[in-house]
Protein chains: 2
Amino acid sequence: MSVPDLPTMCAALSDPTRWEILTRLGQGAMSASALARVLPVSRQAIGKHLEVLREVGLVESEQRGREVVYLVVGARLSSLARELDRIGRSWETRLLRIKQLAEQPDQDPPPRP
Amino acid sequence: MSVPDLPTMCAALSDPTRWEILTRLGQGAMSASALARVLPVSRQAIGKHLEVLREVGLVESEQRGREVVYLVVGARLSSLARELDRIGRSWETRLLRIKQLAEQPDQDPPPRP
DNA sequence: TCGATGTGCAACTAGACGATTGCACATCAC
DNA sequence: GTGATGTGCAATCGTCTAGTTGCACATCGA
């Protein structure tokens, strides 16, 4: 499975129920049925959410007897965070440079295209 | 305007067209019409995307003559990244602790609730 | 002044998405 | 064995959303 792009990763994190699921899994591995018992949605809905999270690598599944338990992958979220931070910083520095150029317009005028 | 929650922030970042818009704005301020000229969607669609991005604080608008130009707010993305990283790390450490407990089960048994 | 350009608002459409119910099948415990 | 529990797949439904077109109005430049 390849690394999902940023919009896909963010789409997986754009649903409150999925955050609820991730938070529960952050406490320890759980099955879809166990999650459905503590969350106000059906097991099938939970299953679909888990599939979305699994596709982007935010959770992993593990067969335990007849149960399938899911574990959250914290490193995945951290790597996404690093990427977002890198982009945000590049925007900040770019904006800063533009502002600095605006403050000294006669020092080094940009070439006319 | 209050700080949007994580799912709302991620929802704003879950659309490829919005990432395209943010990337363009990362190069410098642009108006909705200017964006519509370089992107394969209508100006109205661009306007809706900009409204979504403005609501979560990822862009700011500025009246320049008859135009309304938009600027990307890199700091907003960076703060989101910090929050995601904090959560991801907490999941990682929790998982690590569970694994360590599993390796030495007779050393310090957890109290029964 | 007048055309070109930019913006705002409204109505509409097609598709994605979250959630449900129902059923079939596997597996564990007594 | 038998009931209870867990999983998988399919069909369905209502809502949200990204996109469109159309029109009215404001503003800039020649």
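Proteins get letters first, then strands, A, B, ... in listed order; numbering begins at 1 in each.
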(request) Mind calculating the distance between CZ (A/R37) and P (D/dT5) to the nearest angstrom? (result) 9 Å
(request) Can you tell me the distance, in whole Å, between the CD atom of A/E67 and the C1' atom of C/dC25? (result) 17 Å
(request) Identify whether the distance between the nearest side-chain nitrogen and carboxylate oxygen of A/E92 and A/R94 falls below 4.0 Å. (result) no
(request) Search all heavy atoms of A/P4 against all heavy atoms of A/R76 and return the closest pair with its distance. (result) CD-NH2, 3.3 Å
(request) State whether B/R54 and B/E51 are salt-bridged, where the test is any N-O pair (Lys NZ or Arg NE/NH1/NH2 against Asp/Glu carboxylate O) under 4.0 Å. (result) yes
(request) Quickly work out the A/L13 CG to C/dC17 C1' distance and round it to whole Å. (result) 16 Å
(message) Show the nearest heavy-atom pair for residues A/L13 and B/C10, with the distance to one decimal.
(response) O-CB, 3.5 Å
(request) Let me know the distance between CD1 of A/I46 and C1' of C/dT21, rounded to the nearest Å. (result) 16 Å
(message) With nearest nucleotide decided by heavy atoms, which residue, A/R18 or A/R43, maps closer to the 5′ end of DNA chain C?
(response) A/R18
(message) Looking only at the side chain of B/D15 (C-beta and beyond, no hydrogens), which of the listed nucleotides D/dA18, D/dG6, D/dT20 gets closest?
(response) D/dA18
(message) Nearest whole Å is fine: how far is C/dA26 P from A/Q63 CD?
(response) 14 Å
(request) Rounded off to whole Å, could you give me the CG-to-C1' distance for the A/L50 and D/dT7 pair? (result) 12 Å
(request) Hey, which sits more toward the 5' end of DNA chain D by its nearest nucleotide, B/K48 or B/Q44? (result) B/K48
(request) Check every strand shown and say whether A/R64 touches a base, only sugar-phosphate, or nothing at a heavy-atom separation below 4.0 Å. (result) nothing
(message) Any carboxylate oxygen within less than 4.0 angstrom of a Lys/Arg side-chain nitrogen, looking at B/E20 and B/R18?
(response) no
(request) Could you tell me whether the phosphate oxygens of C/dA19, OP1 or OP2, come under 4.0 Å of any side-chain nitrogen or oxygen in A/H49? (result) yes
(message) Looking at D/dT20, I'd like to know if its phosphate oxygens (OP1 or OP2) sit under 4.0 Å from a side-chain N or O belonging to B/S42.
(response) yes
(request) Under 4.0 Å between any heavy atoms, over every strand shown, what does A/G47 touch: base, sugar-phosphate, or nothing? Just pick one. (result) nothing
(request) Look at the side chain of B/R66 and the base of C/dT7, then say whether one donor and one acceptor between them are separated by less than 3.5 Å. (result) no
(message) When you measure from the side-chain N and O atoms of A/T17 to the phosphate of C/dA19, is any distance below 4.0 Å, counting only OP1 and OP2?
(response) yes
(message) Please pick, from C/dT20, D/dT20, C/dG6, the nucleotide with the shortest atom-to-atom distance to any side-chain atom of B/A45.
(response) D/dT20
